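As structure tokens, the structure follows; a few thoughts come after it.
Not measured: the values here are computed from a predicted model.
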Amino acid sequence: QLMAIAGFLTACQRMASYLKRAGSSDTVMASYAAGLQEAGSLQNEITDAIHGDQVQDKASPWLYDLRRDIERIEEKVQQKLTNLLRANRDICSDAYPVQRNGHYALPIKRELKSRMAGTVIDYSASGSTCFIEPAAVQEMTEEILSLRVEEENEVLRILYTLSDAVAQQADVIRANQQIMEDLDFIFAKGRLSQALGACAPKIGVERRLDIRGGRHPLLPREKCVPLDLTMDGGVRGITITGPNTGGKTVALKTVGLLCLMAQCGLHVPAAEGTYLCMNSQYLCDIGDGQSIAENLSTFSAHMTNVKRILDQVNDQSLVLLDELGSGTDPAEGMGLAIAILEELAASGCLFLVTTHYPEVKSFAERAEGVMNARMAFDRESLRPLYRLEMGLAGESCALHIAARLGFAPALLSRARQAAYGEAERAAQSAKKAKQAAKGGPRLQRQKALQRHEARFSVGDSVMVYPEKKVGIV
């Protein structure tokens, strides 16, 4: 802990020196240098006394003398043991003295231990060797143990003294800690801005948004399609439509994250000229809150969140709702979605909503202060473009996406018939797809068509269906 404090004080000195060098650049951060105080000689006292988590000999003269005395007596003990080992080599089981349980001993063969005067300290694992502390070194060993007790007491005294010195400089250390935390946060924001390629947006209390080239901060910069979104001129709400997997939810999250980042004092990954307004609260319902433990279905989880949002919303809120009204009967879900949008519009908040309901798109077209937006979709390649187009209502393109995923043409034709009632075109498409898949007989179809055409002659009066118009062949 003392070494950590010394390292912190060293960092404070280096930071103050760095900021003072930046003083000539007239930056606001240079003013932080004046707040970093010096803690007297505390740093030097700690580093002089402690190194590598060990109290150094030079920490005090008394500690230095104690350790020199211990070294001197240990040398005498080692010399005495070596002499005894040479003189009694025949009864020793090893050629080196050992240390057991804090005592210096000689390894003596068990059956010959009576020939060595001293105290048995320990036995080997096999029991064939006993470790005897010779009587000739017992007095010196006791003196070493006594000196080690004094050494430990002196080390504790030094640590207590340094701890007291830290306590006396506690106010300076806490003040420096606060400034260093602020600086660390500032530098971290700078590193994040550099990594994201971000810029400082325009911020204000005017209730509008103008996001230019916005990017989700968690998406790779080289793969992310920039978002352009504008809410001004009385527009308070946007309903975003478009294909599944087309980027609607990502657009929703991007708007919320950019506003929140700006309000936290962070640069945002967007182009210059971006304007973001301040919001008193961010109210979101994104994702599936289904929970067995809390007895919540997908729909009830969404409605629970929406109810909370409606209870808290005001004209300074930003509301983000994903797939509003989904997870239940489409007719009732559509009705709820429109009613909720009316409540949000009446509250005066800014809101963005994603939906697939055609009726919600129609509501956005006729409601005051609400507009449509869609995620672009390439029908030729059947792939989403992840580009937001303002003022236009999009399609879910579920059948196109299903086709891209490999669904059978006949199945898609029946789905189109069930969804849109295009019976004749669906039947023809299904018949053509079936014959193309099975290699149907083209000649027979042509002959049948010729027989059908032979029933009429030039000049015949006929009725053309389904328009029921009369014509002449």
Side-chain angles (χ1 to χ4, degrees), residues 1-10 41-170:
Q1 293 175 340
L2 290 171
M3 289 302 297
I5 291 174
F8 171 73
L9 294 176
T10 301
S41 60
L42 178 59
Q43 173 192 347
N44 293 331
E45 291 177 8
I46 295 176
T47 54
D48 288 344
I50 303 174
H51 180 73
D53 294 332
Q54 296 291 331
V55 177
Q56 299 299 297
D57 297 350
K58 60 182 180 180
S60 74
W62 177 234
L63 181 62
Y64 180 85
D65 292 341
L66 286 173
R67 289 181 173 175
R68 296 293 78 76
D69 290 342
I70 291 173
E71 290 176 0
R72 177 177 51 80
I73 297 174
E74 284 180 340
E75 288 178 1
K76 289 183 178 180
V77 170
Q78 289 291 341
Q79 184 62 39
K80 188 66 175 178
L81 290 173
T82 302
N83 294 336
L84 288 172
L85 192 63
R86 290 173 180 172
N88 300 276
R89 186 172 300 173
D90 56 329
I91 65 173
C92 294
S93 60
D94 203 347
Y96 302 97
V98 297
Q99 191 172 11
R100 286 294 181 98
N101 302 328
H103 295 266
Y104 294 95
L106 294 177
I108 306 298
K109 297 176 183 178
R110 185 166 185 171
E111 64 275 12
L112 301 175
K113 65 178 181 179
S114 59
R115 295 175 54 180
M116 175 61 67
T119 304
V120 176
I121 302 300
D122 198 5
Y123 288 91
S124 64
S126 63
S128 61
T129 301
C130 61
F131 301 96
I132 297 178
E133 181 183 32
V137 300
Q138 286 181 352
E139 183 177 351
M140 288 185 287
T141 301
E142 292 176 359
E143 186 176 357
I144 290 173
L145 294 175
S146 176
L147 290 173
R148 290 201 180 281
V149 172
E150 293 186 38
E151 176 195 16
E152 183 178 356
N153 291 335
E154 179 62 11
V155 167
L156 291 175
R157 186 193 68 79
I158 293 170
L159 294 177
Y160 290 150
T161 301
L162 293 174
S163 299
D164 181 66
V166 170
Q168 293 178 12
Q169 298 290 340

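- Between Arg157 and Trp62, the closest side-chain pair of non-hydrogen atoms is not below 4.5 Å.
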Residues Cys130, Asp122; criterion side-chain contact (heavy atoms from CB on, under 4.5 Å); working and verdict: CA-CA 6 Å; Cys130 61; Asp122 198 5; over 6 Å; no
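- Here Arg148 pairs with Glu74 in a salt bridge; the nearest charged N to carboxylate O distance falls below 4.0 Å.
- Among the candidates Leu81, Thr129, Ile132, the single residue satisfying the side chain to side chain contact (heavy atoms under 4.5 Å, CB included) test with Leu106 is Leu81.
- Listed for the Ser146 side chain is no donor-acceptor partner under 3.5 Å among the backbone atoms of Glu142.
- Asp69 is linked by a salt bridge (charged side-chain N to carboxylate O under 4.0 Å, His left out) to Arg72, counting only residues two or more places apart in sequence or in another chain.
- The closest side-chain heavy-atom distance from Ile144 to Tyr104 is below 4.5 Å.
- Atom-to-atom distance recorded for Ile73:CD1 and Lys80:NZ is 15.0 Å, nearest 0.5 angstrom.
- In this structure, the side chain of Gln169 does not engage the main chain of Ala167 through any donor-acceptor pair within 3.5 Å.
- Between the CE atom in Met140 and the CD atom in Gln78 there is a gap of 10.0 Å [rounded to 0.5 Å].
- Ser128 is not listed as a side-chain neighbour of Tyr123, based on a closest heavy-atom distance of 4.5 Å or more.
- Using a 4.0 Å cut-off between a side-chain N of Lys or Arg and a carboxylate O of Asp or Glu, Asp90 and Arg115 qualify as a salt bridge.
- Shown here are the salt bridge (charged side-chain N to carboxylate O under 4.0 Å, His left out) partners of Asp164, two or more places apart in sequence or in another chain: there are none.
- Separation of atoms CG (Leu162) and CD1 (Ile158) is listed at 7.5 Å; rounding is to 0.5 Å.
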Apply side-chain contact (heavy atoms from CB on, under 4.5 Å) to residues Lys109 and Ile91 and explain how you reach the verdict. CA-CA 6 Å; Lys109 297 176 183 178; Ile91 65 173; 5.7 Å; no
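- Judged by the 6.0 Å and 45° rule, Arg68 forms a cation-pi pair with Tyr64.
- Atom CD of residue Glu154 and atom OG of residue Ser60 lie 3.5 Å apart, to the nearest 0.5 angstrom.
- Contact detail for Pro97 and Pro107: the closest heavy-atom pair is CA-CD, 4.5 Å.
- Using modelled atom types, no side-chain atom of Gln99 and backbone atom of Ala105 make a donor-acceptor pair closer than 3.5 Å.
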Please walk me through it: do Leu112 and Asn88 pass side-chain contact (heavy atoms from CB on, under 4.5 Å)? CA-CA 11 Å; Leu112 301 175; Asn88 300 276; over 6 Å; no
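- Distance check, rounded to the nearest 0.5 Å: CG of Asp57 to CD of Glu151 gives 8.0 Å.
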What's the verdict on side chain to side chain donor-acceptor pair (under 3.5 Å) for His51 and Gln56, showing C-alpha distance, side-chain angles and the deciding distance? CA-CA 7 Å; His51 180 73; Gln56 299 299 297; 5.8 Å; no
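- Taking OG of Ser163 as the start and CD of Gln1 as the end, the distance is 8.0 Å to the nearest 0.5 Å.
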